[in-house]
Amino acid sequence: MNSKNTVDKPTNFIRNIIDEDLLNGKYNKVITRFPPEPNGYLHIGHAKSICLNFGTALNYDGYCNLRFDDTNPLKEDIEYVNSIKNDVKWLGYNWNEEIKFSSNYFQKFYECALELIKKELAYVCFLSSDETREFRGTLKKPGKDSPYRNSTVQENLNLFKKMKEGEFKEGKCVLRAKIDMKSSFMCMRDPTLYRIRFETHHQTEDDWCIYPMYDFAHCISDAVEGVSHSICTLEFQDNRRIYDWILKNLDEFNKPDRPYQYEFSRLNLEYATTSKRKLKLLVDEKLVSGWDDPRMPTISGLRRRGYTATSIRDFSERVGVSKVNSLTDISILESSIRDDLNTNAPRTMAVIDAVKIVIENYPEDKIELLKAPNHPQNNEMGYREIYFSKEIYIDKADFQEIAPNNKFKRLAINKEVRLRNAYIIKATRIEKNKEGNIKTIFCKYDPETLGRNPTDGRKVKGVIHFVESSRAIQAEFNIYDRLFIDRNPSKFEDISSIINPDSLIIKYGYVEPNLKNAEVEKAYQFEREGYFCRDRSDKSLIFNKTVGLRDTWNQ
RNA sequence: UGGGAUGUCGCCAAGCGGUAAGGCAACGGGUUUUGAUCCCGUCAUUCGCAGGUUCGAAUCCUGCCAUCCCAGCCA
């Protein structure tokens, strides 16, 4: 049986490896890194990786570097480095010392390339990219050696220096590792190490016109930073061979305590996409309002939607870490945010789809101030005052002329219901407009039922929420639903064809007056409706629905 | 017979030769001025399939099957 401490500490294959490495004395400190490429916004999948890398390091009393993997100036942008820094910080993690960039090590990479050339393990190749592809062979057929493969060390040294000096045009040549054109790992068939790009880089500007490839830069960056466990996703499993090959062939890094790469499966979320490319497409095609659209599974989108950093960290822990390709239920994410907000969000009342009630036996010009708890289970969250008068709003869904069955716990004609934090009322009659829609519901209230049940033993089961009409504040509500209609959008190339037309529905209703100056992104529970937070847009009062309350009432 | 990985409850996921943790979901029941929360209970005789080794197998061996990844001068 598990003892208590094995229950709160997550166990996964990476921790098992770390435990063993520490026990064997392979490392004396756990150092990880989170290495995003600044070519897009971070999403929930990255959040899992951040929690894994930062969380694990912290847990073992080590540290994690935030390192921008910026080796391709063509795709990268400073806008993204800023948003990424912001998102990581918001998630609650602090990087060790200053932020790292792969570009910090450009000189180092260059020297490593020189070392490989001198060891006859790298050469400058003038094959065009098409020719290179042909020479590479296929999955089942071995490749052929490049005619430039046997140039002398001196020739290669001169040529590579010329590449660096900008004497060759883009695409004219590349530096390649000399490994094995017959390898069953495609990435070992003399992979490209450096290519020429006359491009201004956001960090190094025009200092370089040759840029290292991921496979060359990543392992060296890890080694330079003293990373112990380099954790990445499954698609890099083959690349681990070149990671190991490079470090083995560089004298400075060929040591027992050099970094090793471990791969885990990336997060896939139901009805969402964690493809950077598709996310960017949604933004570029204006299928959503931006990277921070609350329907986006980006960290900034989730934040705007009302998700908290705590809930995202909790979610990461709940889904765990493994090597299995999976598609995670959205309900796991939802239960994480509900757990957090249930204990931390103050309650308030909002009527999202309003209908008016007139309480016939309530005095004409009277306005009462009633005391309402901000949290039913936590008195420390205090009380607020709410208004009550002859005219109030309730939600249309909380009234039906004739109760459909005896399980119906809402208002109907001749049926009593409790107004949350106020009195019991009974509907007497309704007034409809020309179109046949209900205009007003007339009720009678029982003045003896404020803060207590009827003394004659009547049992009133239903409770509905309301807002007093004269003090109510108008508000706009963004009701969100899943962005895609298919559970697994990754199966679709044309993502625009599976967009949920009802992913955003805008409603206009009323909130309690004390919400007039609600703080942006602060969570509230609108009782019986769900969790909401104020949107950052400065026009009027807009609330985003984070998630609904759990609903076990099946009609 | 290219290679690399993975298959444990509807969805995640522990388990590492001693007789299937946990979470989410679902389903019963109780409390409740939120059909919420909370509480209590139910939920894999079985681990992709078939053989084998063993006193004993999800764990070891063999063979199948299924799914994912790799042929960027992307990461």
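Lettering of chains follows the sequences in order, A, B, ..., and the numbering in each one begins at 1.
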S.K.: With a non-hydrogen cut-off below 4.0 angstrom, is A:Asn16 in contact with a base, only sugar-phosphate, or nothing?
M.R.: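 Base: the residue A:Asn16, judged by heavy atoms under 4.0 Å, touches a nucleobase.
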S.K.: For a quick check of understanding: with a heavy-atom distance under 4.0 Å over all strands, which category does A:Asn39 fall into, base, sugar-phosphate or nothing?
M.R.: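 Nothing, no heavy atom under 4.0 Å.
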S.K.: Considering only NZ, NE, NH1 and NH2 on the basic side and carboxylate oxygens on the acidic side, decide whether A:Asp395 and A:Arg528 come within less than 4.0 Å.
M.R.: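 No.
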S.K.: P atom, B:C49 versus B:G7: distance in rounded Å?
M.R.: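 Rounded to whole Å, the distance is 13 Å.
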S.K.: To the nearest Å, how far apart are A:Met213 CE and B:C73 C1'?
M.R.: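 Those two atoms, CE and C1', are 6 Å apart.
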S.K.: Can A:Glu134 and A:Lys144 be counted as an ion pair, charged N to O under 4.0 angstrom?
M.R.: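 Looking at A:Lys144 together with A:Glu134, the answer is no, because their closest N to O distance does not fall below 4.0 Å.
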S.K.: Paired with B:C64: which nucleotide, if any, by Watson-Crick or G-U wobble criteria at under 3.5 Å for both distances?
M.R.: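 Here B:C64 is engaged in a pair, and the nucleotide opposite it is B:G48.
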S.K.: Quick check on RNA chain B: between A:Cys173 and A:Arg487, whose nearest nucleotide comes earlier from the 5' end?
M.R.: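 Its nucleotide being nearer the 5' end, the pick is A:Arg487.
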S.K.: Show the distances under 3.5 angstrom between N or O atoms of the protein and N or O atoms of nucleotides 5-7 of chain B.
M.R.:
residue	atom	partner	partner atom	Å
B:A5	O2'	A:Gln237	OE1	3.0

S.K.: Nearest-Å distance, CD1 (A:Ile14) to P (B:A13)?
M.R.: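 Rounding to the nearest Å, CD1 of A:Ile14 and P of B:A13 are 12 Å apart.
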S.K.: Does this structure show an ion pair linking A:Arg15 with A:Asp19, if we count only N-O contacts that are shorter than 4.0 Å?
M.R.: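 Answer for the salt bridge query: no.
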S.K.: Between A:Arg67 and B:A75, is there a side-chain N or O to OP1/OP2 distance below 4.0 Å?
M.R.: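 So the side chain of A:Arg67 is outside the cut-off, no N or O lying under 4.0 Å from OP1 or OP2 of B:A75.
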S.K.: Taking the ring centre of each residue, are A:Phe484 and A:Tyr271 less than 6.0 Å apart?
M.R.: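 No, the ring of A:Phe484 stays outside the 6.0 Å limit from the ring of A:Tyr271, centre to centre.
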S.K.: May I ask you to check whether A:Asp77 and A:His202 show a side-chain donor-acceptor distance below 3.5 Å?
M.R.: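 The criterion, which ignores hydrogens and geometry beyond distance, is not satisfied for A:His202 and A:Asp77.
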S.K.: Would you say A:Thr71 places a side-chain N or O within less than 4.0 Å of OP1 or OP2 belonging to B:A75?
M.R.: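 It does, given that an N or O in the side chain of A:Thr71 lies less than 4.0 Å from OP1 or OP2 of B:A75.
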S.K.: Considering every strand and a 4.0 Å limit on heavy-atom distances, what is the contact class for A:Thr138: base, sugar-phosphate, or nothing?
M.R.: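 A:Thr138: base contact, heavy atoms under 4.0 Å.
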S.K.: Between A:Arg277 and A:Asp284, is there a side-chain N and carboxylate O pair less than 4.0 Å apart?
M.R.: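 Between A:Asp284 and A:Arg277 there is no salt bridge, as every charged N stays at least 4.0 Å from the carboxylate O atoms.
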S.K.: Indicate, with yes or no, if the rings of A:Phe106 and A:Tyr211 have centres closer together than 6.0 Å.
M.R.: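 Yes, close enough.
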S.K.: Touch check for A:Asp69, heavy atoms < 4.0 angstrom, all strands: base, sugar-phosphate only, or nothing?
M.R.: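 Here A:Asp69 touches the backbone only, sparing every base.
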S.K.: Check step by step if ring pair (Phe, Tyr, Trp, His ring centres under 6.0 Å) holds for A:Phe160 and A:Tyr123.
M.R.: CA-CA 8 Å; A:Phe160 187 49; A:Tyr123 61 97; over 10 Å; no
S.K.: Base, sugar-phosphate alone, or nothing: which one does A:Ser326 contact when heavy atoms must sit under 4.0 Å apart?
M.R.: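 Since only primed, P, OP1 and OP2 atoms lie under 4.0 Å of A:Ser326, the category is sugar-phosphate.
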S.K.: Using the benzene-type ring in the case of Trp, are the ring centres of A:Phe543 and A:Tyr524 under 6.0 Å apart?
M.R.: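 That pair fails the under 6.0 Å test.
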S.K.: Where does B:G4 fall, syn or anti, if syn means a chi angle no more than 90° from 0?
M.R.: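 Because its glycosidic torsion lies more than 90° from 0, B:G4 adopts the anti conformation.
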S.K.: What's the gap between B:C16 and B:C27 when it is taken at their C1' atoms, as a whole Å value?
M.R.: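 So the two C1' atoms sit 34 Å from each other.
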S.K.: Rounded to the nearest Å, what distance is computed from the CG atom of residue A:Asp190 to the P atom of nucleotide B:A71?
M.R.: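 Going from CG in A:Asp190 over to P in B:A71 covers 16 Å.
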S.K.: Determine, for nucleotides 29-38 of chain B in 5'-to-3' order, which nucleotides have protein heavy atoms under 4.0 Å from the base (write B), from only the sugar-phosphate (write S), or from neither (write -).
M.R.: ----BBBBB-
S.K.: Name the nucleic acid region contacted by A:Arg176, choosing base, sugar-phosphate or nothing; use a 4.0 angstrom heavy-atom cut-off, strictly under.
M.R.: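 Nothing, no heavy atom under 4.0 Å.
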S.K.: Select base, sugar-phosphate, or nothing to describe what A:Thr343 touches, counting heavy atoms under 4.0 Å on all strands.
M.R.: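 Nothing, no heavy atom under 4.0 Å.
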S.K.: Can we say A:Asp446 and A:Arg458 salt-bridge, meaning some charged N sits less than 4.0 Å from an Asp/Glu carboxylate O?
M.R.: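 Looking at A:Arg458 together with A:Asp446, the answer is yes, because their closest N to O distance falls below 4.0 Å.
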S.K.: Sort out the partner of B:G2 for me: Watson-Crick or G-U wobble, both distances under 3.5 Å, none otherwise.
M.R.: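 Its partner is B:C70 (Watson-Crick or G-U wobble, both distances under 3.5 Å).
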S.K.: How would you label the contact of A:Arg277 with the nucleic acid (heavy atoms, under 4.0 Å): base, sugar-phosphate, or nothing?
M.R.: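 It contacts nothing in the nucleic acid.
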S.K.: Mind checking if A:Leu74 touches a base, just sugar-phosphate, or nothing, with heavy atoms under 4.0 Å?
M.R.: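 No contact.
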S.K.: If you measure from the C1' atom in B:C74 to the same atom in B:A13, how many Å do you get, rounded?
M.R.: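 About 33 Å, rounded to a whole number of Å.
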S.K.: Give me the distance, rounded to whole Å, that separates B:G2 from B:C47 when you measure between the C1' atoms they each carry.
M.R.: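 These two C1' atoms come out 31 Å apart once rounded.
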S.K.: Could you work out the separation of B:G51 and B:C65 based on their C1' atoms and round it to a whole Å?
M.R.: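 That atom pair is separated by 14 Å.
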S.K.: Is any NZ, NE, NH1 or NH2 atom of the basic residue among A:Glu37 and A:Lys75 found under 4.0 Å from an Asp or Glu carboxylate oxygen of the other?
M.R.: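 The answer is no: the pair does not qualify as a salt bridge.
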S.K.: Checking all strands, does A:Phe236 fall into the base, sugar-phosphate, or nothing category for heavy-atom contacts under 4.0 angstrom?
M.R.: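 The answer is base, as A:Phe236 lies within the cut-off (heavy atoms under 4.0 Å) of a base atom.
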S.K.: Would you mind reading off the distance between A:Tyr148 atom OH and B:C73 atom C1', rounded to a whole angstrom?
M.R.: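 After rounding, the gap between these two atoms is 15 Å.
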S.K.: What contact category does A:Leu127 fall into here, base, sugar-phosphate, or nothing, at under 4.0 angstrom with non-hydrogen atoms?
M.R.: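 The residue A:Leu127 makes base contact.
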S.K.: Just N and O in the side chain of A:Ser322: are any of them under 4.0 Å from OP1 or OP2 of B:A13?
M.R.: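 The answer is yes; a side-chain N or O of A:Ser322 sits under 4.0 Å from OP1 or OP2.
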S.K.: Give a yes/no answer on whether the side chain of A:Arg189 brings an N or O atom under 4.0 Å of OP1 or OP2 in B:C70.
M.R.: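 Result: no.
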S.K.: Mind checking the P distance from B:U62 to B:A5? Whole angstroms is fine.
M.R.: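 B:U62 and B:A5 have their P atoms separated by 15 Å.
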S.K.: According to the Watson-Crick and G-U wobble definitions, with both distances under 3.5 Å, which nucleotide is paired to B:A21?
M.R.: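 Paired with no nucleotide.
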S.K.: Taking pairing as Watson-Crick or G-U wobble with both contacts under 3.5 Å, can you name the mate of B:U54, or confirm there isn't one?
M.R.: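 Base-paired to nothing in any strand shown.
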S.K.: Strictly below 4.0 Å, N to O, side chains only: are A:Lys545 and A:Glu529 in salt-bridge contact?
M.R.: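 Answer for the salt bridge query: no.
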S.K.: Step through it carefully: locate the ring centre of A:His229, locate the ring centre of A:Tyr260, and say whether they are under 6.0 Å apart.
M.R.: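 No, too far apart.
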S.K.: Across the strands shown, which category fits A:Met349 at heavy-atom distances under 4.0 angstrom: base, sugar-phosphate, nothing?
M.R.: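 Since no nucleic acid heavy atom lies under 4.0 Å of A:Met349, the category is nothing.
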S.K.: Once you round it to whole Å, what is the distance between C1' of B:C70 and CG of A:Leu139?
M.R.: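 One finds 6 Å between C1' of B:C70 and CG of A:Leu139, rounded.
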S.K.: Taking side chain to side chain donor-acceptor pair (under 3.5 Å) as the test, write out the residues that go with A:Asn378, two or more places apart.
M.R.: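 A:Asn378 satisfies side chain to side chain donor-acceptor pair (under 3.5 Å) with no residue once adjacent residues are dropped.
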S.K.: In this structure, how many angstroms lie between the P atom of B:G3 and the CH2 atom of A:Trp245, rounded?
M.R.: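 Nearest whole value for this atom pair: 23 Å.
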S.K.: Measuring to OP1 and OP2 of B:C73, would you say a side-chain N or O of A:Arg136 lies under 4.0 angstrom away?
M.R.: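 Answer is yes, contact under 4.0 Å.
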S.K.: Which whole-number value in Å describes the distance from A:Leu327 CG to B:A25 P?
M.R.: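 Distance, rounded to whole Å: 17 Å.
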S.K.: What distance, rounded to whole Å, do you find between the two C1' atoms, one in B:A25 and one in B:A44?
M.R.: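 That atom pair is separated by 16 Å.
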S.K.: Mind checking the C1' distance from B:A26 to B:G10? Whole angstroms is fine.
M.R.: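 Going atom to atom, C1' in each nucleotide, I get 9 Å.
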S.K.: Regarding A:Val460, tell me which of base, sugar-phosphate or nothing describes its non-hydrogen contacts under 4.0 Å with the strands shown.
M.R.: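 No contact.
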S.K.: Counting only Watson-Crick pairs (N1-N3 plus N6-O4 or O6-N4) and G-U wobbles (N1-O2, O6-N3), all under 3.5 Å, who is the partner of B:A26?
M.R.: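 When the pairing criteria are applied, B:U42 turns out to be the nucleotide that pairs with B:A26.
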S.K.: Can you measure A:Met186 atom CE to B:G2 atom P for me and round it to whole angstrom units?
M.R.: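 One finds 14 Å between P of B:G2 and CE of A:Met186, rounded.
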